[in-house]
Amino acid sequence: MLCTTVRKDNECSFMTAKGCSYKEGSCFPIVDDCNGCNRVIEFSGQKYCSACPEPASKWKKDKCNLATHIAAVAAKEAGKKVNPLKASKRASKGKK
């Protein structure tokens with residue numbers, strides 16, 4: 001349905017016939033960490049996230065998973081563990 005509170009005339013999944021079904025009946029403005037993200041949109045002089053109604057909750061534990069301005073670290077390189085026994089076997093195979 002189309003939003004009638006904050007993001008007027010834009011699609012919103014929280015909008016019902018009775019109004020906004022999200023907390024307190026409307027979306028929350030972005031937090032400082034959201035500055036620079038491509039998902040930030042401005043309505044009535046306030047900046048809101050186009051993907052999340054409460055951006056502060058996304059930044060509570062760690063980085064927002066929807067943020068476009070943060071470079072994602074490759075999971076392979078970040079969490080790669082090397083077994084020293086296997087590494088020594090590989091090294092010895094290469095020397096023959």
TODO: Work out which heavy atom in Lys63 is nearest to a heavy atom in Ile70; give both atom names and the distance.
DONE: CD-CG2, 3.9 Å
Task: Arg39 side-chain N/O to Leu66 backbone N/O, donor-acceptor pair under 3.5 Å - done: yes
For residues 27-35, run the donor-acceptor check on the side chains, cut-off 3.5 Å, and write out each pair with its distance to 0.1 Å, sequence neighbours left out.
{"unit_1": "Asn35", "atom_1": "ND2", "unit_2": "Asp32", "atom_2": "O", "d": "3.3"}

Task: Of all pairs that satisfy side-chain hydrogen bond (donor to acceptor under 3.5 Å, both in side chains), the ones with a partner from residues 17-31, not counting sequence neighbours - done: Tyr22-Glu54, Lys23-Glu54
TODO: Report the residues that fulfil side chain to side chain contact (heavy atoms under 4.5 Å, CB included) with Lys61, sequence neighbours left out, ordered by chain and then residue number.
DONE: none
Give the table of side-chain donor-acceptor pairs shorter than 3.5 Å for residues 40-49, with sequence neighbours excluded, one pair per line with atom names and distance.
none

TODO: Return the set of residues passing side chain to side chain contact (heavy atoms under 4.5 Å, CB included) with Asn65 (not counting sequence neighbours), or none when no residue passes.
DONE: Lys58
- [ ] Go through the structure and list residues passing side chain to side chain contact (heavy atoms under 4.5 Å, CB included) with Leu85, not counting sequence neighbours.
- [x] Asn83, Ser88, Lys89
